[in-house]
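Naming: A, B, ... by sequence-line order, numbering from 1 per chain.
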Amino acid sequence: MSDLPKAYEPQAIAESLYARWLHDGNHRADPGSLKPAFSLVMPPPNITGMLTLGHVLNNSLQDVLARKARLEGREVLWLPGTDHAGLATEMVVERSLRKQRGIGRREAGREEFLRLVQEWRETHGRIIIEQLKKLGSSADWSRERFTMDGDYSRAVQRVFVELYRKGLIYRGKRMINWCPASLTALSDEEVLPREEQSNLYYVRYAVEGDPGSFLTVATTRPETIPGDTGIAVHPEDERYRRWIGGRALRPFPQGPIPIVADAAVDPTFGTGALKITPAHDKLDFEIGHRHGLPIVDILHPDGHLHCPAVPELDGLDRFEARKKAASLLEEKGLLAKVEDYLHTVGVSERANVPIEPRLSEQWFLRYPKLEEALRVVREGRIRFFPEHWEKVYEHWIENIQDWCISRQVWWGHRIPVWWKEGSHRCQVESPGPDWIQDPDTLDTWFSSWLWAFETMDPATRQKFYPTSVLVTGPDIIFLWVARMIIAGLEFQPGRGPGLEENIPFRAVYFTGLIRDRLGRKMSKSLGNSPDPLVLIEKYGADGLRFGLLRIAPQGQDIRFDEKQIEEGRNFCNKLWNACRFRIRYAPISADAHPWEHRLSPFAVEMLAALGRTGIRLEEAFAAYEFSEAAGLLYAFVWDDFCASFLEAAKVDLTREGSPTASGTLAAFDYALSWTLRLLHPFCPFVTEELWNRLELGPSTIQFAGWFGAAEARELEERLAATKEAALQARAIYQAAERGRHLRSTYGVPSNQKVPFLLRADTPLGDAERAVLAALASASEIADVDGPPPKAPMVLTAVGELYLPLEGILDLELERKRLTNEKEKLARNWKGIQERLQNPEVSARVPAEKLEAWKEQAKQLESAMRRIEDQLRELSQ
RNA sequence: GCGCGGUUAGCUUAGUGGUAGAGCGCUCGCUUCACACGCGAGAGGUCAUAGGUUCGAACCCUAUACCGCGCACCA
């Protein structure tokens with residue numbers, strides 16, 4: 001055990017510690033273990049992903065849970081992996097293909113393109129995994145899974161076949177969300193609403209057989225006019241009633257279209273007349289369907305117009321066409337007016353372009369087990385933290401739509417359907433050489449919804465499924481969380497048929513979103529997302545983790561500020577230096593029993609604070625309040641342990657023949673040993689390093705036990721007889737603080753030792769007096785019987801403290817200070833008196849509370865009297 | 001439009017009925033023998049607004065405003 005470097009240098013230790021943990025297999029989960037199980041599955045990051053602060057937060061939280069569980073003696077499985085992210089990866093690879101060879105995936109061909117994706121995945125796909133290791137994540141990397149692994153892929157296909165046979169998966173021609181940039185269908189959940197400033201065009205349609213009459217329609221999309229096959233008005237709308245059943249003239253290509261009545265039209269919006277383009281709008285499609293209107297598709301899949309009948313528009317991009325259509329209308333005198341209009345458009349999550357509602361033949365899933373999915377959450381078998389996400393979940397389940405699961409994407413799980421001469425078969429293996437497999441792949445989420453159990457072999461499932469908790473962001477509550485619950489209930493991977501055994505997790509912890517200092521979302525384009533690896537480089541993984549977790553309250557977004565990470569690092573350094581201090585005194589005891597020694601009041605008080613912290617920590621963890629837990633530990637280490645106890649210990653340890661010195665060392669070692677373990681989940685590296693350097697126990701801290709509520713209570717019981725001592729320690733700390741206030745008020749510099757005088761309420765022992773002197777930087781603290789002449793005074797919990805320095809007393813200042821103090825006390829006293837004298841209060845407030853107030857008033861009175869005495873003294 | 005959160009010191013926030021707490025930042029003083037990634041002291045708040053309940057409200061209720069999020073077929 002040698003002296004420690006002056007400051008904690010995270011870079012120097014992290015790598016080798018992590019390598020040792022891996023080498024020793026410390027994070028491997030053993031399904032055969034007899035220990036109680038604790039398990040998590042890591043939300044698999046995309047293979048295109050780079051580590052973001054969101055990942056840091058999410059994985060730090062999981063690591064805290066995993067490491068705490070190991071310390072508690074549980075068998076932990078934290079199962080990691082990556083997600084193939086069909087569309088995202090395909091876009092990334094296609095982009096680089098275009099850049100390098102100037103061709104798209106279609107020119108390259110399916111086989112060649114997939115080869116390139118594989119290649120890309122091998123070189124880039126695990127970057128984020130390596131980054132997670134730098135964070136200290138204690139996942140069981142030997143079990144790393146990938147959603148395109150052979151076994152996993154087969155499971156995805158088997159599940160498809162199973163659901164198909166149950167009649168839950170079907171093929172249908174429906175209105176779906178089409179992404180014109182990625183050229184694929186999307187599910188409703190992958191379409192995000194975005195507010196856009198656009199225009200509302202008022203277009204005049206001539207009414208057939210009624211010369212000079214026009215029906216004006218308000219639309220945001222004049223470019224879809226060629227696809228109009230009708231006009232709809234509300235059946236009760238008096239303005240248009242006479243025209244129902246008639247026809248209007250479509251401006252281009254010119255032609256008559258029927259005017260129909262439909263209750264879905266809102267007569268109060270726009271003009272109350274709606275142009276019907278059944279091929280390009282969901283509502284229009286429904287109305288068109290009801291009235292037997294033809295469907296005219298005027299868009300190519302890529303969003304360019306396909307309408308040879310209107311050459312001016314044909315081939316234009318949809319946004320170009322919009323402008324062109326407006327000017328065509330203008331020319332024809334059919335554009336009544338244009339208004340500015342703010343509205344919401346659906347945007348493709350990945351490609352970030354407005355989606356097109358499009359009629360298309362796709363595969364759909366009718367969700368099974370919805371009743372049960374609702375029930376397991378309502379009945380608390382799965383608990384959400386924060387709780388309010390339950391409502392969001394319920395609302396989604398109750399209004400659920402069939403899931404469009406096919407994608408016109410190559411990178412992904414190929415749909416297990418085989419075609420021959422227009423007929424198809426659904427099975428995993430090919431039915432024969434002349435059968436052709438469906439070209440489409442499955443939505444990536446159709447594979448991730450199996451993640452909680454298809455990543456586990458039977459033995460692992462037996463031990464670890466259902467998992468204990470899922471830590472994830474609320475942005476994927478539908479995409480992933482809800483679907484995983486449904487999958488668990490439907491496929492029943494658990495030990496038995498009960499709901500309880502098949503839910504994928506018992507709790508879901510939703511993290512907050514990390515925003516920048518100005519409250520904006522982190523995004524690449526804003527350039528406001530710091531690189532976590534740079535932060536790790538600067539502050540260490542421990543500093544980053546602790547700093548971030550301390551400011552991440554449950555359920556609230558986090559405003560990120562690098563200052564807070566700096567604080568995390570400073571905290572680690574504080575801990576480091578407390579250990580550095582300890583090493584200099586005496587050998588450390590790995591199994592200290594402070595209660596077997598004679599203890600100073602300061603040691604008692606610190607141990608009591610440890611006990612309090614332990615109990616509150618347990619409550620915080622039970623409620624998944626991680627920032628609360630980190631805050632408790634921060635306060636204990638910084639305030640109770642370092643600022644108070646350690647400073648007092650300096651006196652005890654340097655006093656010749658102090659009878660409490662051995663107790664102070666024992667208390668130090670005992671508290672430090674537990675503190676390191678309590679902090680280990682938050683700061684794995686520095687705690688492991690210190691644990692080893694101080695030789696506090698076995699070769700790794702990771703399984704060294706946990707200071708839970710039971711241990712905390714046991715400690716409190718052992719200290720029960722010493723409550724008085726703890727109070728005394730607190731009184732001395734308070735007196736020292738008041739003394740420093742006096743010094744500061746009179747401008748005595750910190751480095752100048754000055755004598756104090758004390759009129760003590762009860763005699764003060766030498767040891768306590770020495771600590772008070774040290775904390776107040778006093779050269780001595782001498783007893784007096786009465787007020788010394790003309791010396792500034794403060795009231796303290798141990799008596800009146802005077803600073804009797806010749807010539808420094810500023811009478812005016814001192815009078816003002818004391819008068820202010822008295823007034824403050826008086827205000828306080830008055831408030832209590834009013835309460836006590838109010839008959840309604842005494843009638844309602846419990847007696848013990850009244851007693852406490854009376855006691856408080858008495859103390860205030862005594863304090864005021866003393867200040868008055870002093871004021872009188874000064875004016876003599 | 002409906003629903004859910006939030007609004008406390010310059011910033012980040014704790015505080016679910018009895019005199020508003022912390023960290024950062026700021027000001028001042030300290031190379032005090034663990035730590036300047038530190039130590040000490042101080043200034044700084046009509047708890048978003050308006051009503052209500054209560055002896056008493058940051059806290060409970062009702063509106064309003066602003067911010068964020070979810071949901072929704074008003075073109």
| To the nearest angstrom, how far is A/Phe510 atom CZ from B/C69 atom P? |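 Checked: the CZ to P distance equals 17 Å.
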| Sugar-phosphate only, base, or nothing, as touched by A/Arg740 at under 4.0 Å among non-hydrogen atoms |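 Sugar-phosphate contact only.
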| Under 4.0 angstrom, heavy atoms only, what part of the nucleic acid is A/Val841 near: base, sugar-phosphate, or nothing? |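 Base: the residue A/Val841, judged by heavy atoms under 4.0 Å, touches a nucleobase.
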| message | Nearest to the side chain of A/Arg844, heavy atoms from C-beta on, is which of B/A41, B/G70, B/U54? | response |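 The answer is B/U54, which lies nearest to the side chain.
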| request: Check side chain to side chain donor-acceptor pair (under 3.5 Å) between A/Asp652 and all other residues, then give those that pass, not counting sequence neighbours. | output: A/Ser658, A/Thr660, A/Thr664
| message | Nearest whole Å is fine: how far is B/U16 P from A/Glu625 CD? | response | 10 Å
| query | From the list B/G70, B/U19, B/A75, which nucleotide is the closest neighbour of the side chain of A/Val265? | reply |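 Side chain of A/Val265 sits closest to B/A75.
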| message | Should the side chain of A/Ser750 and the base of B/G29 be counted as holding a donor-acceptor pair, with the cut-off at 3.5 Å? | response |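 Yes, the side chain and the base share a sub-3.5 Å donor-acceptor pair.
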Between the protein and nucleotides 20-25 of chain B, which nitrogen or oxygen pairs come in under 3.5 angstrom?
| unit_1 | atom_1 | unit_2 | atom_2 | d |
| --- | --- | --- | --- | --- |
| B/G23 | O2' | A/Glu567 | OE1 | 2.6 |
| B/G23 | O2' | A/Glu567 | OE2 | 2.8 |

| query | Is any side-chain heavy atom of A/Ile732 closer than 4.5 Å to a side-chain heavy atom of A/Phe602? | reply |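 Yes, at least one pair of side-chain atoms sits under 4.5 Å.
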| message | Applying a 4.0 Å non-hydrogen cut-off, can you work out what A/Phe668 is touching in the nucleic acid: base, sugar-phosphate, or nothing? | response |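 The residue A/Phe668 makes no contact with any strand.
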| message | A/Thr277 and side chain to side chain contact (heavy atoms under 4.5 Å, CB included): which single residue from A/Ile298, A/Leu293, A/Thr219, A/Thr224 fits? | response |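 Testing A/Thr277 for a side chain to side chain contact (heavy atoms under 4.5 Å, CB included) against A/Ile298, A/Leu293, A/Thr219, A/Thr224 leaves exactly one candidate, A/Thr224.
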| field | Atom-pair distance (CG on A/Asn399; C1' on B/G3), nearest Å | value | 12 Å
| note | Note: for A/Thr220 and A/Ser744 on RNA chain B, the residue whose nearest nucleotide lies more 5' is A/Ser744
Find every protein N or O atom lying less than 3.5 Å from an N or O atom of nucleotides 33-35 of chain B, and list the pairs.
| unit_1 | atom_1 | unit_2 | atom_2 | d |
| --- | --- | --- | --- | --- |
| B/A34 | O3' | A/Arg580 | NH1 | 3.1 |
| B/A34 | O2' | A/Asn577 | OD1 | 2.3 |
| B/A34 | O2' | A/Arg580 | NH1 | 2.8 |
| B/A34 | N7 | A/Lys650 | NZ | 3.3 |
| B/A34 | N6 | A/Glu647 | OE2 | 2.9 |
| B/A34 | N3 | A/Asn577 | O | 3.2 |
| B/C35 | O4' | A/Asn577 | OD1 | 2.9 |
| B/C35 | O4' | A/Asn577 | ND2 | 3.3 |
| B/C35 | O2' | A/Asn573 | ND2 | 3.0 |
| B/C35 | O2 | A/Lys574 | NZ | 3.0 |
| B/C35 | N3 | A/Lys574 | NZ | 2.9 |

| message | Considering every strand and a 4.0 Å limit on heavy-atom distances, what is the contact class for A/Ser777: base, sugar-phosphate, or nothing? | response | nothing
| field | Sugar-phosphate only, base, or nothing, as touched by A/Trp853 at under 4.0 Å among non-hydrogen atoms | value | base
| task | Please state the C1' separation for the pair B/C71 and B/U64 - nearest whole angstrom. | result |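 Pairwise C1' distance, B/C71 against B/U64, rounds to 24 Å.
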